[in-house]
There are 2 protein chains.
Amino acid sequence: MATEERSSTHAQRALITLRQRILGGNLPGGTRLFEVALAEELGISRTPVRAALSRLAEEALLDRTSGGGFVVRSFAVADVVDTIELRGVLEGTAARLAAERGVTEAMLAEAATILRGIDGVFLADAFDMEAYSRWNSQFHSLLARMSQSPVLMREIDRITALPFASPSAFLDDPSRQADLVKTLATAQEQHRAIIDAIRNREGYRAESLAREHARAARRNVEFLLSHEPALREGVPSLAILAATD
Amino acid sequence: MATEERSSTHAQRALITLRQRILGGNLPGGTRLFEVALAEELGISRTPVRAALSRLAEEALLDRTSGGGFVVRSFAVADVVDTIELRGVLEGTAARLAAERGVTEAMLAEAATILRGIDGVFLADAFDMEAYSRWNSQFHSLLARMSQSPVLMREIDRITALPFASPSAFLDDPSRQADLVKTLATAQEQHRAIIDAIRNREGYRAESLAREHARAARRNVEFLLSHEPALREGVPSLAILAATD
DNA sequence: TGTGAGACTAATGTATACATTGTGGCCGGT
DNA sequence: ACCGGCCACAATGTATACATTAGTCTCACA
């Protein structure tokens with residue numbers, strides 16, 4: 001969120017509550033949301049409910065109906081796959097623009113710091129997934145900034161706001177942490193290679209690497225979909241999909 | 001607009017009015033929009049004004065301020081260039097997915113019809129720019145559909161809603177029609193090649209061609225920016241940029 | 001049995017009054 | 001002269017009452 005909202009307005013609190021429900025899979029795709037019922041349930045008037053619903057449509061979590069109402073957006077498996085693909089395309093473009101336009105020494109130094117931070121997580125006795133996730137988020141935030149394109153950064157922010165398209169997607173699956181850690185070493189090599197390509201002004205290489213890097217999330221989706229649906233329901237990053245009828 | 005709105009509500013009319021002003025360059029980027037003043041000016045209450053403003057933020061034509069208000073989004077030249085680049089990337093991705101996933105015979109037949117339609121515009125005695133624009137829009141709409149990705153189609157719709165990133169961008173510049181017609185023959189060759197690549201399942205070729213195809217808009221921007229600003233102001237597709245202080 | 005029309009109810013659109021917050025200007029003190 | 005605090009006004013947040021529209025169900029007719 002680029003803008004700091006007024007804290008604790010009714011609309012803001014309703015927005016947060018409803019967003020959490022949708023992302024957490026508690027509101028199945030296709031569910032009609034009604035102003036009056038929600039106002040009653042949340043104990044506020046219709047006005048802030050409408051404001052919150054409009055914001056959720058802005059975030060593409062709700063679709064508008066022809067009658068002026070709102071419905072929870074449905075995500076099919078193909079939508080998840082395509083959203084992940086789109087993230088790869090956008091981050092790939094960010095990497096390419098960074099390589100084409102060149103980046104500052106300060107950015108490269110920041111990248112080096114982040115890479116060292118991630119390396120440090122691997123060297124610790126116990127793998128700290130939260131620390132990895134934090135460094136990982138910083139890496140991806142920097143990558144977007146390196147493009148020096150506010151337009152692109154804005155689009156990346158939009159897409160990566162969805163849990164399954166986030167750079168941290170699937171890191172929150174407690175049942176597969178040991179397996180995940182094995183793949184994160186590869187991911188870190190990719191981080192290093194992307195920065196190397198950017199430093200060397202290799203646009204095509206940078207784009208290709210960043211696209212492939214994002215594809216890890218797709219592999220996770222495919223893994224989870226090849227197993228029992230029950231397994232998927234324990235994965236926060238895919239909760240929104242579990243909610244699809 | 002995927003959804004049909006209620007016709008002629010105050011909010012809808014305010015939305016249309018304000019959108020036209022912004023896209024037409026009559027509201028400079030950075031302009032604060034105030035509910036009360038707009039309500040007074042439009043002769044309606046604040047409620048539909050707020051709804052319209054929220055919709056415009058959804059369309060990314062307005063940014064939200066920290067105080068809960070709205071400000072007209074500023075577009076710098078670099079933003080225009082990057083948005084056009086993004087359109088190329090997205091349409092390139094659509095072409096690649098179409099090639100990778102394959103398309104139906106019906107889609108290919110539709111493409112052939114459109115290509116014939118465009119060819120017909122070139123064969124006429126007087127070049128009909130409006131007819132060309134209509135066929136061109138159909139081509140690009142089909143291209144997005146060929147990806148068979150609702151997620152991607154949605155993003156393409158978002159980006160191409162901006163005048164300078166529209167497939168029809170700059171076709172509306174009355175002062176340069178003769179020059180433009182010369183470049184449209186090249187564009188039509190590109191249309192043909194894109195469909196050929198898709199038919200042949202050549203993903204990389206299709207993506208590259210579609211990206212290059214979108215780059216024509218960038219050449220138009222660069223041409224206009226290398227001439228007097230006064231020239232630019234007569235170009236509807238760039239009106240929104242002319243409005244930037 | 002199917003279709004169309006009408007009635008009723010619920011959902012959304014709108015205006016307005018009041019509450020709360022933010023911003024700018026002015027005044028006083030250092 | 002500059003900075004901080006206070007006050008007033010404007011902007012936004014909210015609730016509520018009323019208006020309008022959309023959707024669904026039932027009945028009647030072909």
Side-chain angles (χ1 to χ4, degrees), chain A residues 1-19 21-22 27-74 245, chain B residues 1-19 21-22 27-74 245:
Chain A
M1 288 295 171
T3 341
E4 284 192 17
E5 303 292 336
R6 298 185 187 211
S7 43
S8 296
T9 64
H10 289 194
Q12 177 72 4
R13 292 208 300 275
L15 170 66
I16 291 167
T17 298
L18 293 174
R19 188 198 285 129
R21 285 199 197 157
I22 293 169
L27 286 175
T31 303
R32 278 295 323 271
L33 298 185
F34 299 107
E35 300 172 3
V36 175
L38 282 177
E40 203 171 300
E41 184 192 331
L42 298 173
I44 56 178
S45 78
R46 277 174 56 214
T47 314
V49 168
R50 292 167 59 81
L53 294 178
S54 201
R55 283 301 301 261
L56 288 165
E58 193 175 325
E59 296 179 12
L61 292 178
L62 299 186
D63 289 324
R64 290 176 182 270
T65 66
S66 58
F70 297 89
V71 59
V72 178
R73 183 174 168 197
S74 297
D245 296 334
Chain B
M1 285 297 170
T3 341
E4 284 192 16
E5 303 294 336
R6 297 186 187 212
S7 42
S8 297
T9 64
H10 289 193
Q12 178 71 4
R13 292 207 301 275
L15 170 65
I16 290 167
T17 298
L18 293 175
R19 188 197 285 129
R21 284 198 198 157
I22 293 168
L27 286 175
T31 304
R32 278 295 323 270
L33 298 186
F34 299 108
E35 300 172 6
V36 175
L38 282 176
E40 204 169 300
E41 184 191 331
L42 298 174
I44 56 178
S45 77
R46 279 173 56 210
T47 315
V49 167
R50 292 167 60 81
L53 294 178
S54 201
R55 284 300 302 260
L56 287 166
E58 194 173 325
E59 297 178 11
L61 293 178
L62 299 185
D63 288 324
R64 291 175 182 271
T65 68
S66 58
F70 298 89
V71 58
V72 178
R73 184 175 165 197
S74 296
D245 297 333

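In what follows, chains carry the letters A, B, and so on, assigned in the order in which the sequence lines appear, proteins first and then strands, with residues in each chain numbered from 1.
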Look at the side chain of [X] and the backbone N and O of [Y], then say whether any donor-acceptor pair between them is shorter than 3.5 Å.
{"X": "B:Arg13", "Y": "B:Ser8", "result": "yes"}
{"X": "B:Arg32", "Y": "B:Phe70", "result": "yes"}
{"X": "A:Arg73", "Y": "A:Ala60", "result": "yes"}

What I want to check is whether an N or O donor and acceptor connect the side chain of A:Arg46 with the base of C:dG13 at under 3.5 Å.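 Flag set: donor-acceptor pair detected.
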Does the pair A:Leu62 and A:Val72 meet the rule for a side chain to side chain contact (heavy atoms under 4.5 Å, CB included), with working shown? CA-CA 5 Å; A:Leu62 299 186; A:Val72 178; 4.0 Å; yes
How is B:Ala51 classified with respect to the nucleic acid when contacts are heavy atoms under 4.0 Å: base, sugar-phosphate, or nothing?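 No contact.
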Using heavy atoms to find the nearest nucleotide of DNA chain D for B:Thr47 and B:Val36 separately, return the residue whose nucleotide is more 5′.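 Mapping each residue to its closest nucleotide by heavy atoms, the 5'-most match is B:Val36.
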[X] [atom1] - [N] [atom2] separation (whole Å):
{"X": "A:Glu40", "N": "C:dA11", "atom1": "CD", "atom2": "C1'", "answer": "14 Å"}
{"X": "B:Leu42", "N": "C:dT14", "atom1": "CG", "atom2": "P", "answer": "12 Å"}
{"X": "A:Arg13", "N": "C:dT20", "atom1": "CZ", "atom2": "P", "answer": "13 Å"}
{"X": "A:Glu35", "N": "C:dT14", "atom1": "CD", "atom2": "C1'", "answer": "12 Å"}
{"X": "B:Phe70", "N": "D:dA10", "atom1": "CZ", "atom2": "C1'", "answer": "17 Å"}
{"X": "B:Phe34", "N": "D:dT12", "atom1": "CZ", "atom2": "P", "answer": "6 Å"}
{"X": "B:Arg50", "N": "D:dT12", "atom1": "CZ", "atom2": "P", "answer": "8 Å"}
{"X": "A:Arg64", "N": "D:dA22", "atom1": "CZ", "atom2": "C1'", "answer": "17 Å"}

Is the distance from OP1 or OP2 of D:dT12 to the nearest side-chain N or O of B:Arg32 less than 4.0 Å? yes
Under 4.0 Å between a side-chain N/O of B:His10 and OP1 or OP2 of D:dT20, yes or no? no
So which heavy atom on A:Leu15 is nearest to which on A:Ala52, and how close? N-CB, 3.6 Å
Could you check which of [options] has an atom nearest any side-chain atom of [X]?
{"X": "B:Pro48", "options": "C:dG13, D:dA15, C:dA15", "value": "C:dA15"}
{"X": "A:Ile44", "options": "D:dA15, D:dT14, C:dG13", "value": "D:dA15"}
{"X": "B:Ser45", "options": "D:dG13, D:dT14, C:dT14", "value": "C:dT14"}

